[in-house]
Amino acid sequence: MMDDPRRDGPPPFERPFEGEDTKQRVYGAVLHAREPMAAAEIADRADCSAESARTHLSFYADLGIVVRHEGRPVRYERNDDYFEWRRVNTLARERTVDELQSGVSELTGRIEAFRDEYGADSPADVDVLEFDAGRIDDVYADLGEWTTALEERRLHERARRKVAGSTAPSHG
């Protein structure tokens with residue numbers, strides 16, 4: 001049996017979507033884009049024709065996964081609101097109100113610990129240059145975790161309110 005190169009780690013950087021079909025490659029390319037891109041640019045990243053990319057991008061725009069910006073050329077970008085909605089719905093479907101509230105409480109504890117440690121209300125209020133060079137990497141890591149905890153708490157709270165307001169079971 002031949003070894004599957006994808007099992008040995010990520011695909012080569014220059015071909016991150018190797019082995020996927022065109023629809024998946026277009027999806028991956030637009031999700032990784034940092035700014036709105038023309039279909040031709042996405043096609044280049046997805047290793048497909050511009051026409052094929054436009055077809056799939058139109059489908060994703062109809063679903064709300066991507067946002068279409070009119071102009072010459074038309075540009076597309078990932079719809080972050082869609083992915084947030086999807087995350088909230090997944091949390092609401094898979095967890096009970098009590099589990100979500102517990103998550104909110106745990107995340108609040110982590111956030112408060114960061115606030116106490118850094119004497120600041122938010123990661124944006126921390127001046128990394130105030131720390132000695134040997135600690136800067138740790139401070140940046142903490143600030144990333146703090147930012148993530150703030151975002152996750154917000155999503156957990158949205159899911160908790162959704163489940164609390166629903167009569168449907170929160171998970172199967």
Side-chain angles (χ1 to χ4, degrees), residues 1-95 99-100 103 107 110-111 114 122-124 126 128-129 133 136-160 162-163 168 170-172:
M1 182 169 111
M2 223 172 163
D3 288 334
D4 183 349
R6 291 175 293 175
R7 290 186 183 177
D8 295 332
F13 184 73
E14 61 277 359
R15 297 187 60 84
F17 309 116
E18 191 168 29
E20 296 179 343
D21 67 21
T22 303
K23 189 175 189 178
Q24 292 171 321
R25 292 192 314 266
V26 169
Y27 181 82
V30 78
L31 291 186
H32 288 90
R34 300 280 184 213
E35 58 190 32
M37 296 174 60
E41 294 171 286
I42 293 168
D44 187 48
R45 289 185 181 193
D47 194 27
C48 67
S49 71
E51 188 55 39
S52 186
R54 275 187 211 87
T55 299
H56 295 302
L57 289 165
S58 178
F59 173 74
Y60 292 136
D62 288 345
L63 292 177
I65 295 170
V66 301
V67 176
R68 178 186 163 112
H69 298 281
E70 295 301 329
R72 289 208 165 270
V74 171
R75 300 178 97 58
Y76 299 87
E77 73 176 317
R78 172 185 61 225
N79 182 356
D80 291 331
D81 291 339
Y82 167 82
F83 290 97
E84 180 174 308
W85 168 83
R86 196 167 106 179
R87 173 78 171 128
V88 168
N89 281 316
T90 299
L91 286 167
R93 184 178 58 252
E94 295 177 351
R95 300 193 182 162
E99 289 169 333
L100 290 164
L107 290 161
R110 288 175 53 201
I111 292 164
F114 284 124
S122 76
V126 177
V128 177
L129 298 178
I136 286 179
D137 287 342
D138 292 334
V139 172
Y140 275 122
D142 283 352
L143 296 179
E145 289 177 32
W146 188 358
T147 300
T148 299
L150 287 165
E151 180 63 13
E152 278 298 306
R153 180 178 67 175
R154 188 179 67 75
L155 297 175
H156 275 70
E157 180 57 27
R158 280 189 57 197
R160 187 196 63 76
K162 179 181 177 84
V163 172
S170 62
H171 66 310

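Quick note: numbers below take in every heavy atom, side chains included, and nothing from hydrogens, waters or symmetry partners.
Panel note: side chain Thr147, backbone Leu143; a donor-acceptor pair is recorded below 3.5 Å. In this structure a side-chain-to-backbone donor-acceptor pair under 3.5 Å is missing from Asp44 to Ala40. Remark: side-chain polar atoms of Tyr60 are paired, donor with acceptor, to backbone N or O of Lys23 under 3.5 angstrom. Using modelled atom types, no side-chain atom of Glu157 and backbone atom of Arg154 make a donor-acceptor pair closer than 3.5 Å.
At a threshold of 4.5 Å between non-hydrogen side-chain atoms, the residues Tyr76 and Val67 do not count as touching. Counting heavy atoms from C-beta on, the side chains of Tyr27 and Ile65 come closer than 4.5 Å. Residues Arg153 and Arg110 fail the side-chain proximity criterion, which asks for heavy atoms closer than 4.5 Å. Within the 4.5 Å cutoff, the side chain of Glu152 has heavy atoms near those of the Arg87 side chain. Side-chain atoms of Thr55 and Phe59, non-hydrogen and from C-beta on, never get closer than 4.5 Å to each other.
Ala53 and Val26 make their closest contact through CA-CG2, 4.0 Å (heavy atoms, listed as atom of the first residue, atom of the second, distance). Pairing each heavy atom of Arg78 with each of Ala33, the nearest pair is NH1-O, 4.0 Å. Nearest heavy atom pair, residue Pro73 against residue Ala38, reads CG-CB, 3.7 Å. When all heavy atoms of Leu100 and His156 are compared, the closest pair comes out as CD2-CD2, 4.0 Å. The two residues Pro123 and Leu150 have their closest heavy-atom pair at CD-CD1, 3.6 Å. Closest of all the heavy-atom pairs between Tyr82 and Gly64 is CB-O, 3.3 Å.
Considering CD of Glu99 and CZ of Arg160, their distance stands at 14.0 Å, rounded to 0.5 Å. The CD atom of Glu84 sits 4.5 Å away from the CZ atom of Arg158 when rounded to the nearest 0.5 Å. Rounded to the nearest 0.5 angstrom, Glu77 CD and Leu57 CG are separated by 12.0 Å. Expressed to the nearest 0.5 Å, how far CG of Leu91 lies from NZ of Lys162 amounts to 11.0 Å. One distance of note links CG of Asn79 with CG of Leu31; it measures 10.5 Å at 0.5 Å rounding. Here the CG atom belonging to Asp138 is positioned 10.0 Å from the CD atom belonging to Glu145, to the nearest 0.5 angstrom.
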_Assess the residue pair Phe114 and Val126 against the criterion (side chain to side chain contact (heavy atoms under 4.5 Å, CB included)); give the C-alpha distance rounded to whole Å, side-chain angles, the decisive distance to 0.1 Å, and a yes or no._
CA-CA 10 Å; Phe114 284 124; Val126 177; over 6 Å; no
_Applying side chain to side chain contact (heavy atoms under 4.5 Å, CB included) to Val30 and Met37, what does each step give before you reach the verdict?_
CA-CA 8 Å; Val30 78; Met37 296 174 60; over 6 Å; no
*Test Glu51 against Arg54 for salt bridge (charged side-chain N to carboxylate O under 4.0 Å, His left out), laying out the working first.*
CA-CA 5 Å; Glu51 188 55 39; Arg54 275 187 211 87; 3.5 Å; yes
_Test log, rule salt bridge (charged side-chain N to carboxylate O under 4.0 Å, His left out), inputs Arg75 and Glu35_ = CA-CA 9 Å; Arg75 300 178 97 58; Glu35 58 190 32; 5.4 Å; no
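Other residues, nucleotides and ligands contribute at most 12 non-hydrogen atoms within 6.0 Å of the OH atom of Tyr140.
Partners of Glu70 by side chain to side chain donor-acceptor pair (under 3.5 Å), not counting sequence neighbours, listed by chain and number: Arg68.
Judged by distance alone, the side chains of Thr22 and Arg25 do bring a donor and an acceptor atom under 3.5 Å apart.
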